[in-house]
Amino acid sequence: MIQRPRGTRDFGPAEMAKRRKVEQAMRDACARFGFGEVVTPTFEHSELFTLRSGQGIIDEMYVFKDKGDREMALRPEITAAVIRFYVNEMSTMPKPLKLYYLGNCFRYENPQSGRYREFFQIGAELIGTKTPETDAEIIALAVNCIRSAGLENFVVRIGHIGILKSLVKDQIKDEATAAEILRMLDKEDFDAMGDVFDAKALPRGLFDKIVSIADIKGGIDELNNLEDSDATRHLREVFDVLKLYGIEECQVDLGIVRGLDYYSGMVFEVDAPRLGAEKQILGGGSYTLSELFGGEPVFSTGFAIGIDRVVLAVEAEGPIKTPAPLDAYVIPAKDDMRKYAFGIVARLRSQGLKADVDIMRRNLSKNLKYAASVGASYAIIVGNEEMAKRSVTLRDMKTGKQQVVLVDEVGSAIIGSSK
Ligand code: HAM
């Protein structure tokens, strides 16, 4: 037997019904906010991601040479591809440009629950502006997506990468060391950060200052613990607009550094506390990438939600309800009834019902068993006596109740019962 690769999954119909429900709810939220869908390739020139995504992502990338000896990568994320698409073909479109996407991403990580090598993201990018209302709009969309997916317990943390990034980069001139420290901050690994400070003989006062800023977490008033700056004023305005949108559950967290390197302003993350280790269901923030790909510099803000984690989190709060996989299963009671059964199932399908018919020539009791096992809401039994009167027996598979219904009316009887 050939096994599927580690960190990948197969999804059966029941699982897919749940995933599609969650995905559709989030797509609808994007549409309600005026975002249009884009699709980009699953693989790109690897340079698209190595230019600015950061060492963390580079170490996890699936890179390969194609037959033309070009270095390609399976996309570890979709933001860089959307901005490449923008620079290539959409830069003259009216701003702000609101785009969303849904697709699979690949990272060579250590697989565990909620962490996969192939996973799925839905994300949005708002291109062309850097006002506080831009950031608020993106955060409001993110919260709406998550609420629409059916998740009730989640925490939105909002920070500003400019504060820690400028401090670290101003004070630590060696770029590699500064990048290493930012990576450790992202992982909140203060012990390892202390070791680097000791090894490189960096001032302890700077360490303490970094830790005290990263520790600013809680209500918006926590910002009072910091000198006023463009960054703090920006964050206050973002929170003001969020309040007008009716979104009040957000917290400040100046410790957010993000695993990807391209962020320059507001950054935010959402956690679903029930998930344990892999509880981060969303990451995002504002950035500039276009100039790196040969375009004019343009400010953007965006986010990506880990769909797999959202599905796990929603299920941790309660089962995800999906419609019955089949409305009706048509069973010819005798062989000479088969010709009628096909006409009936065709008509049900044309009425928009999910309908199926026996194609294995089974007897009535085996067919009823099958109808129950595939989760059909009704069985429609086509018998001699009933057909003589242009009728069928409609059996409710849950209650076992049966009634004789005219063939012409069986579709509307099923549609009526589900209302
Ligand atoms: P990210 O934080 O790297 O950001 O990923 C976004 C989300 O994808 C994470 O919060 C997590 O839920 C999910 N995710 C990441 N890795 C895995 C994995 N191995 N298995 C399952 N889920 C995973 C980005 O990708 C940025 N492009 C977000 C963004 C958009 N920033 C601006 N625009």
Side-chain angles (χ1 to χ4, degrees), residues 6-9 19 22 26 30 35 38 40 44 48-49 52-62 74-86 97-127 130 134-135 137-139 141-142 145-146 149 151 154-159 161 183 186-187 256-272 275-290 299-314:
R6 212 164 112 71
T8 65
R9 287 149 303 152
R19 292 176 67 89
V22 168
M26 296 199 281
C30 293
F35 282 68
V38 290
T40 62
E44 299 267 0
L48 181 73
F49 305 108
R52 181 60 67 75
S53 298
Q55 197 57 40
I57 283 283
I58 293 172
D59 292 346
E60 290 170 352
M61 246 163 46
Y62 280 88
L74 296 182
R75 59 183 178 196
E77 59 116 31
I78 304 179
T79 304
V82 170
I83 298 301
R84 175 200 49 70
F85 182 17
Y86 164 79
L97 189 56
K98 294 175 143 189
L99 306 173
Y100 89 89
Y101 49 83
L102 191 155
N104 51 351
C105 299
F106 305 85
R107 296 183 193 175
Y108 194 84
E109 298 202 66
N110 249 345
Q112 63 181 69
S113 169
R115 196 202 290 160
Y116 312 101
R117 289 182 176 167
E118 183 186 27
F119 60 98
F120 294 78
Q121 285 188 342
I122 181 165
E125 311 296 340
L126 210 174
I127 303 172
K130 63 165 183 173
T134 305
D135 291 349
E137 173 81 352
I138 272 291
I139 297 168
L141 171 59
C145 282
I146 295 167
L151 191 67
F154 59 91
V155 181
V156 184
R157 297 175 290 111
I158 304 172
I161 192 110
R183 256 202 314 283
D186 175 45
K187 304 220 150 55
I256 300 177
V257 171
R258 310 278 305 121
L260 291 149
D261 269 4
Y262 48 62
Y263 298 99
S264 50
M266 183 280 296
V267 281
F268 74 118
E269 293 178 347
V270 179
D271 301 328
L275 287 187
E278 301 304 317
K279 64 175 192 275
Q280 197 184 304
I281 56 171
L282 173 148
S286 63
Y287 61 91
T288 54
L289 268 175
S290 51
F299 285 98
S300 311
T301 306
F303 68 79
I305 294 175
I307 296 173
D308 312 273
R309 292 185 189 173
V310 170
V311 171
L312 287 173
V314 175

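Both counts, for ligands and for their atoms, begin at 1 and track the order of listing.
- Among protein heavy atoms, atom 30 (C) of ligand 1 sits closest to Thr79 OG1, 2.9 Å.
- The closest protein non-hydrogen atom to atom 14 (N) of ligand 1 is Phe119 CE1, 3.5 Å.
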Yes or no on side-chain contact (heavy atoms from CB on, under 4.5 Å) for Tyr262 and Ile161, after CA distance, side-chain angles and deciding distance? CA-CA 10 Å; Tyr262 48 62; Ile161 192 110; over 6 Å; no
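- The shortest separation from a heavy atom of Gly114 to ligand 1 is under 4.0 Å, placing the residue in contact.
- In this structure, atom 20 (N) of ligand 1 lies nearest to the protein heavy atom Tyr116 N, 3.0 Å.
- When atom types are taken as modelled, the side chain of Arg107 and the backbone of Pro76 share a donor-acceptor pair closer than 3.5 angstrom.
- With hydrogens and angles ignored, the 3.5 Å screen pairs a side-chain donor or acceptor of Arg9 with a backbone N or O of Glu118.
- Distance check: Asp135 CG to Phe303 CZ gives 12.5 Å after rounding to the nearest 0.5 Å.
- Using a 4.0 Å cut-off between heavy atoms, Gln280 contacts ligand 1 through both its backbone and its side chain.
- Between Tyr263 and ligand 1, an N or O atom pair is found at a separation short of 3.5 Å.
- Proximity of Glu269 to ligand 1, defined as any heavy-atom pair under 4.0 Å, is not found for any part of the residue.
- The Tyr287 neighbourhood of ligand 1 comprises atoms 32 (C), with distances under 4.0 Å to a heavy atom of that residue.
- Counting only distance, with no hydrogens or angles, the side chain of Tyr116 and the backbone of Gly114 share a donor-acceptor pair below 3.5 Å.
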Evaluate Glu278 against Ser113 for side chain to side chain donor-acceptor pair (under 3.5 Å), listing each step before the verdict. CA-CA 7 Å; Glu278 301 304 317; Ser113 169; over 6 Å; no
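- The pair Asp308-Arg19 counts as a salt bridge, with a side-chain nitrogen and a carboxylate oxygen less than 4.0 angstrom apart.
- Checking Arg75, Glu77, Arg115 against atom 27 (N) of ligand 1, the nearest heavy atom belongs to Glu77.
- For atom 24 (C) of ligand 1, the closest non-hydrogen atom of the protein is Leu260 CD1, 3.3 Å.
- Judged by the shortest distance from any of its heavy atoms, Gly284 lies inside the 4.0 Å radius around the atoms of ligand 1.
- Not a single heavy atom of Tyr108 sits closer than 4.0 Å to an atom of ligand 1.
- Closest protein heavy atom to atom 13 (C) of ligand 1: Gly306 CA, 3.6 Å.
- Residue contacts with ligand 1: Tyr101 is placed with no nitrogen or oxygen under 3.5 Å of a nitrogen or oxygen of the ligand (distance criterion only).
- The shortest side-chain heavy-atom distance between Arg6 and Asn110 falls under the 4.5 Å cut-off.
- For the atom pair Arg84 CZ and Leu48 CG, the distance stands at 6.5 Å (nearest 0.5 Å).
- Contacts between Glu109 and ligand 1, counted as non-hydrogen atom pairs separated by less than 4.0 Å, involve the side chain only.
- Any N or O atom pair closer than 3.5 Å counts here, and Glu125 shares at least one such pair with ligand 1.
- When Arg117, Arg107, Arg309, Gln121 are ranked by how near their heavy atoms come to atom 6 (C) of ligand 1, first place goes to Gln121.
- Interatomic distance, Ile83 CD1 to Ser300 OG, rounded to the nearest 0.5 Å: 4.0 Å.
- Each of the atoms 6 (C), 7 (C), 28 (C), 29 (C), 30 (C) of ligand 1 lies under 4.0 Å from some heavy atom of Ala304.
- Screening Val314, Val155, Val310 for a side-chain contact (heavy atoms from CB on, under 4.5 Å) with Ile281, the sole residue that qualifies is Val310.
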Using side-chain contact (heavy atoms from CB on, under 4.5 Å), reason through Thr134 and Phe299 one step at a time and then give a plain yes or no. CA-CA 10 Å; Thr134 305; Phe299 285 98; over 6 Å; no
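- Here the side chain of Arg75 pairs no donor or acceptor atom with the backbone of Phe106 at under 3.5 angstrom.
- Atoms of ligand 1 found under 4.0 Å from any heavy atom of Gly302, numbered from 1 in the order shown, are 30 (C), 31 (N), 32 (C), 33 (N).
- Close N/O approach between Tyr262 and ligand 1 is found [any backbone or side-chain N/O within under 3.5 Å].
- The proximity of Leu282 to ligand 1, defined as any non-hydrogen pair under 4.0 Å, is limited to the backbone.
- Only the side chain of Arg258 comes within 4.0 Å of ligand 1, judged by heavy-atom distances.
- Formation of a donor-acceptor pair under 3.5 Å by the Ser286 side chain with backbone atoms of Met266 is found in this model.
- Residue Glu278 places every heavy atom at 4.0 Å or more from ligand 1.
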